[in-house]
Amino acid sequence: MLPRDLLRNEPDLVRAALAARGQEGALVDRFLALDGERRALLVAHEERKRERNEASREIGRLKAAGSDAAAAIAAVAALKSAIEADEARLAGVEEELAGVELALPNLPHESVPRGRDESANRVEAVVGDPPRFPFRPQAHWDLGPALGILDFERGAKVAGARFTAYFGAGARLERALVNFMLELHTSEHGYTEVLPPFVVNRDSLVGTGQLPKFEQDLFHLEGYPYYLVPTAEVPVTNLHRDEILEESALPVRYCAYTPCFRSEAGSHGRDVRGLIRQHQFNKVELVHLATPETSYDELEAMTRHAGRVLELLGLPYRVVSLSTGDLGFAAAKTYDLEVWLPGQEAYREISSCSNCGDFQARRASLRYRPADGGKPRLLHSLNGSGLAVGRTLIAVLENYQQEDGSIAIPEVLRPYLGGLERIGPGR
RNA sequence: GGAGACGUGGCCGAGCGGCUGAAGGCGGCGGUUUGCUAAACCGUUAUACGGGCUCAAACCUGUAUCGAGGGUUCGAAUCCCUCCGUCUCCGCCA
């Protein structure tokens, strides 16, 4: 959500920010109308309630004194019905207002490159060189099945399209990557590991911004008020929903492994081969909660922490600052990490690190008490992949493939695989 | 799944349907006293949304909030209903 004061006082600024995202400003006008209506109703309504409260106190006094209060009670009847009518109107306006507020996306940070789509994204850094192969490198969807470690057909059989079964060294490699990432972030980067629920309720999804707008992207458990997590960002960021943290406890830095479940509605036909776009994938997520003064430093730190995973794995990548038109709903600024995939001869997203500013904090009521003891202030929340595990496995397979179709295991992963140095045919 | 108990402020804990935003205690903050520390004493101590004043804040004021949502009532922390959560016992279960 955006601050109401900002919408009231600087609507043009918000319209301009929406335009930079490629959106119309109609919601701003709707907000202004509803907000004005709400305040007018509220003033009248609260005045009537004040009168009623006063009258009720008087009735109490009369009764206590043993007098007859019947006349006084009769006099309040009109007030009572007016209050009930007000309440209904006010509830209607507030419901619609909440809908508008929850539908407005975050404002892009001033440092974000302006542009209508990903073509305006800015490459901030390129790390490592794409490997040169003395043979034609294969894609992971050929390498994996040939080695017997990825089975797309059987994944589809037991669940459906966009589900995959891992076998043998493939399953072990995925697990090794999860452990390697968690170990790096907890032991070297100072994160606190969290193992959250893999399902969440509606309040949590509203808190981080997936609801009410993006219901169609989620898997909902029929008959239960639960959704499968689309990312650990949801349960982890909501851990401190409706809380006030002490400033001395900041910044909070959590890392969490979870599977992620996404319906991928609207992406039919895109990335249909291989592991790139699955309904279920594993991810190690990073979440920071910080003061407004430090959140952009935190974003740089988080992005470095995610990049460090790729560096230690020896995978070439680049850092991209998303343009205003490519930014996610809740993000004020986002860096994508894109890993080089030889099978596609392209950089593909493997991490997305965002500072959401106070946008999620306002929805989820994430606050902190300043060290000087002043009023609670909204936190800034950040989240980033550190990293998407399935896509990391793709990158390892494709970048470390040998001419015979086997896979060399990156040095840093070998301790997690019992010293395994290479994945050859035969699982 | 069956039976029962309970959800009050940062914490503990009172609260006959009316003057209870809520006693008391602890903790926190400010102060007095005091070689220092401690103790004692005095005061203070929620949040949200509006209105007034203001450049803004402070401040003044209203409404709401005693798990959540409905209901009864002139009036609900107190009565009724539903839901959520916690605890105990039985059953089942990894």
Side-chain angles (χ1 to χ4, degrees), chain A residues 1-10 31-102 195-207 211 221 223-227 235 238-250 252 292 358-379:
Chain A
M1 281 195 293
L2 302 175
R4 285 183 176 171
D5 280 348
L6 182 74
L7 284 158
R8 285 168 188 157
N9 301 328
E10 306 281 355
F31 169 85
L32 258 17
L34 287 166
D35 181 55
E37 194 179 344
R38 168 179 175 270
R39 283 200 282 179
L41 283 171
L42 199 59
V43 169
H45 182 229
E46 291 192 342
E47 170 60 19
R48 288 203 184 99
K49 282 208 278 196
R50 190 192 62 73
E51 287 173 27
R52 181 203 59 193
N53 290 346
E54 202 172 286
S56 292
R57 273 192 292 271
E58 182 56 28
I59 291 166
R61 262 180 242 119
L62 286 173
K63 288 200 167 179
S67 313
D68 178 26
I73 290 173
V76 191
L79 261 183
K80 196 193 176 192
S81 57
I83 286 169
E84 279 167 7
D86 284 349
E87 230 148 49
R89 279 206 295 163
L90 199 55
V93 170
E94 288 193 328
E95 192 184 337
E96 198 184 340
L97 186 63
V100 170
E101 288 188 295
L102 291 173
L195 185 61
F198 297 168
V199 299
V200 289
N201 56 33
R202 287 191 64 90
D203 285 346
S204 293
L205 288 157
V206 170
L211 288 181
L221 297 185
Y224 294 89
Y226 298 139
Y227 294 78
N238 277 284
L239 248 19
H240 295 295
R241 171 152 50 83
D242 297 322
E243 290 184 21
I244 301 175
L245 305 181
E246 293 301 328
E247 181 169 2
S248 58
L250 303 177
V252 169
D358 62 15
F359 183 84
Q360 292 179 326
R362 191 169 286 106
R363 289 171 162 250
S365 190
L366 305 168
R367 294 180 294 171
Y368 74 99
R369 171 113 32 211
D372 64 16
K375 291 272 184 192
R377 300 174 71 200
L378 291 171
L379 285 158

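Labels below follow one simple rule: chain letters A, B, ... track the order of the sequence lines, proteins then strands, and each chain is numbered from 1.
At the phosphate of B:G50, OP1 or OP2 sits under 4.0 Å from a side-chain N or O atom of A:R8. Between B:U47 and A:K375, a contact under 4.0 Å exists linking OP1 or OP2 to a side-chain N or O. Contact annotation: A:R39 side-chain N/O to B:G51 OP1/OP2 distance is under 4.0 Å. Contact annotation: A:N53 side-chain N/O to B:G75 OP1/OP2 distance is not under 4.0 Å. Residue A:R369 places at least one side-chain N or O closer than 4.0 Å to OP1 or OP2 of B:U47. The shortest distance between the side-chain N/O atoms of A:R4 and the OP1/OP2 oxygens of B:G50 is below 4.0 Å.
A side-chain contact (heavy atoms from CB on, under 4.5 Å) with A:R369 is found for one member of A:E247, A:E246, A:K375 and no other, namely A:E246.
Out of B:G62, B:C74, B:U47, the shortest distance to the side chain of A:E46 is found at B:G62.
The salt bridge (charged side-chain N to carboxylate O under 4.0 Å, His left out) check on A:E94 picks up A:R38, with sequence neighbours excluded. Remark: A:E58 pairs with A:R61 by the side-chain hydrogen bond (donor to acceptor under 3.5 Å, both in side chains) rule, at least two apart or across chains. Applying the salt bridge (charged side-chain N to carboxylate O under 4.0 Å, His left out) rule to A:R52 yields no partners; only residues at least two apart in sequence or on another chain are considered. Residues passing the salt bridge (charged side-chain N to carboxylate O under 4.0 Å, His left out) test with A:D68, sequence neighbours excluded: none. The side chain to side chain contact (heavy atoms under 4.5 Å, CB included) search around A:P292 returns A:Y368, A:R377, A:H380, not counting sequence neighbours.
Atom pair A:R367:CZ and B:U47:P shows a separation of 8 Å (rounding to whole Å applied). Rounding to whole angstrom units, CG of residue A:L41 and P of B:G62 are separated by 21 Å.
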Between the protein and nucleotides 16-22 of chain B, list the N/O to N/O atom pairs that are separated by less than 3.5 angstrom.
residue : atom : partner : partner atom : Å
B:G18   : N2   : A:S56   : O            : 2.8

Could you list the protein-to-nucleotides 26-31 of chain B atom pairs, N/O on both sides, closer than 3.5 Å?
none

Dot-bracket encoding of pairs in RNA chain B, which uses [ ] for pseudoknotted crossings and | for another strand, Watson-Crick or G-U under 3.5 angstrom:
((((((((.[[[..)..(.....]]]((((((.......))))))(((((((......))))))).[[[[[..)....]]]]])))))))....
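Taken from CG in A:N238 to CG in A:L366, the straight-line distance is 7.0 Å, to the nearest 0.5 Å.
Each of A:E54 and A:A74 was matched to the nucleotide of RNA chain B holding its nearest heavy atom; the match closer to the 5' end belongs to A:E54.
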B/S/- contact track for nucleotides 78-86 of chain B, protein heavy atom under 4.0 Å
---------
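Of the residues in residues 76-90 of chain A, those with a non-hydrogen atom less than 4.0 angstrom from any atom of RNA chain B are A:V76, A:K80. Heavy-atom distances under 4.0 Å link RNA chain B to no residue of residues 92-99 of chain A.
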Please tabulate, for side-chain N and O atoms in residues 80-92 of chain A, each donor-acceptor pair with protein atoms closer than 3.5 Å (sequence neighbours left out).
residue : atom : partner : partner atom : Å
A:S81   : OG   : A:A78   : O            : 2.9
A:D86   : OD1  : A:R48   : NH1          : 3.2
A:D86   : OD2  : A:R48   : NH1          : 2.4

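Side-chain contact annotation: A:S56 with A:N53, donor-acceptor N/O pair under 3.5 Å absent.
Nucleic acid contact class of A:R48 (heavy atoms, under 4.0 Å, all strands): none. Note on A:R377: nothing from the nucleic acid sits closer than 4.0 angstrom, heavy atoms only.
Counting all heavy atoms, side chain and backbone alike, A:L7 lies closest to A:L2 at CD1-CB, 4.2 Å. Smallest separation of non-hydrogen atoms from A:G207 and A:R363: O-CB, 3.4 Å.
Between the side chain of A:D35 and the backbone N or O of A:F31, no donor-acceptor pair lies under 3.5 Å.
Taking 4.0 Å as the cut-off between side-chain N and carboxylate O, A:E54 and A:R57 do not count as a salt-bridged pair.
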